[in-house]
Amino acid sequence: MKVLIATDKPFAKIAVNGIRQEVEAAGFELALLEKYTEKQQLLDSVVDADAIIIRSDIIDAEVIAAAKQLKIVVRAGAGYDNVDLNAATAAGVCVMNTPGQNANAVAELVFGLLVFAVRNFYNGTSGTELMGKKLGIHAYGNVGRNVARIAKGFGMELYAYDAYCPESAMKNDGVNPLKSVEELYSTCDIVSVHIPATAETKKSINAALLGLMPKGAVLVNTARKEVIHEDEMVEFMTSRPDFKYVTDIVPGNDEEMKQKFANNYFTTPKKMGAQTSEANINAGIAAAKQIADFLNNGIDTFRVNK
Ligand code: 3PG
């Protein structure tokens, strides 16, 4: 059986070697498609794949239709909004993610972005510190928990809102649970976004919500660009020159943002929260193991299209 790694943004070499070892030990063959520039290359590569390991690569109905032997797709990472789950389910293809495996890497980048933001993008002027500031964690999943752990080292006051996470889990970590997203944004000096992109969350971070944030607030987004209402972000930032937006996902309106908000907006050029060799090894090897368990033993613990 053939396992294909299809990654537009490649894993570190050491992670690919680890995946190869796992795949070959399970009795399968590994194929590699990295840095592809055309969708056709992906369509050609999936033709004889039994399993595919991806990152943010788009697996839509066309890709699934082209992959006639496909049994499983594992998104080596957390968010699986890049996979057409309905098309996969209809074709009898199992879809999994590898929850938690890259969470620390993303959480560390939150603080890389935050220090950069509150020190005025290292422009030499006097900035502020993170210590004593109120940090709002918007969704308390694997990344949110790691953000809380690191924030304690900075001496921040911690708050979180998550409709799906029990308050006790937050309290056990020394995080104050809040009752609504509005309460989170109105309470906190800094909000770190960790919600997935779903029909419910898309464009949900809008001008009304951002308008609740106090003077000098910072929003840091290492989740998805789709959760931001980009037009309203422009409107809001025009009226609030005290506010800063730092993100690890290039917005659809990056050029406009750069032009209008040169002093309070920053995006990484390519999403790199999970781009560490540790995260690549953790997520990549977990993906390979999950594929071996599924193909050899029918184990589908991390299935997301049940
Ligand atoms: C995830 O959902 O796991 C992160 O957004 C990382 O995505 P990436 O693998 O494309 O870097």
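Ligands are counted one by one from 1 in listed order, and the atoms in each one are counted from 1 as well.
Note on R55 versus D57: no salt bridge recorded, every NZ/NE/NH1/NH2 to OD/OE distance being 4.0 Å or above.
For E62, the side chain to side chain donor-acceptor pair (under 3.5 Å) partners are K39, not counting sequence neighbours. F154 is linked by a ring-ring contact (aromatic ring centres under 6.0 Å, His included) to F111, counting only residues two or more places apart in sequence or in another chain.
A donor atom on one side chain and an acceptor atom on the other are not found under 3.5 Å apart for E278 and N282. Under 3.5 Å, the side chains of N104 and E108 contain a donor-acceptor pair of N or O atoms.
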Write out each pair where an N or O from ligand 1 and one from the protein are under 3.5 Å apart, with the distance.
{"residue": "ligand 1", "atom": "2 (O)", "partner": "R75", "partner atom": "NH2", "Å": "3.3"}
{"residue": "ligand 1", "atom": "2 (O)", "partner": "G79", "partner atom": "N", "Å": "2.8"}
{"residue": "ligand 1", "atom": "2 (O)", "partner": "R224", "partner atom": "NH2", "Å": "2.8"}
{"residue": "ligand 1", "atom": "3 (O)", "partner": "A78", "partner atom": "N", "Å": "2.6"}
{"residue": "ligand 1", "atom": "3 (O)", "partner": "N102", "partner atom": "ND2", "Å": "2.9"}
{"residue": "ligand 1", "atom": "5 (O)", "partner": "R224", "partner atom": "NH1", "Å": "2.8"}
{"residue": "ligand 1", "atom": "5 (O)", "partner": "K271", "partner atom": "NZ", "Å": "2.7"}
{"residue": "ligand 1", "atom": "7 (O)", "partner": "R75", "partner atom": "NH2", "Å": "3.0"}
{"residue": "ligand 1", "atom": "7 (O)", "partner": "K271", "partner atom": "NZ", "Å": "3.0"}
{"residue": "ligand 1", "atom": "9 (O)", "partner": "R55", "partner atom": "NE", "Å": "2.9"}
{"residue": "ligand 1", "atom": "9 (O)", "partner": "R55", "partner atom": "NH2", "Å": "3.4"}
{"residue": "ligand 1", "atom": "9 (O)", "partner": "R75", "partner atom": "NH1", "Å": "3.1"}
{"residue": "ligand 1", "atom": "10 (O)", "partner": "K9", "partner atom": "NZ", "Å": "3.3"}
{"residue": "ligand 1", "atom": "10 (O)", "partner": "S56", "partner atom": "N", "Å": "3.4"}
{"residue": "ligand 1", "atom": "10 (O)", "partner": "S56", "partner atom": "OG", "Å": "2.5"}
{"residue": "ligand 1", "atom": "11 (O)", "partner": "K9", "partner atom": "NZ", "Å": "2.7"}
{"residue": "ligand 1", "atom": "11 (O)", "partner": "R55", "partner atom": "NH2", "Å": "2.9"}

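Judged as a salt bridge (charged side-chain N to carboxylate O under 4.0 Å, His left out), the pairs with a partner in residues 243-255 (not counting sequence neighbours) are, in order, D254-K258.
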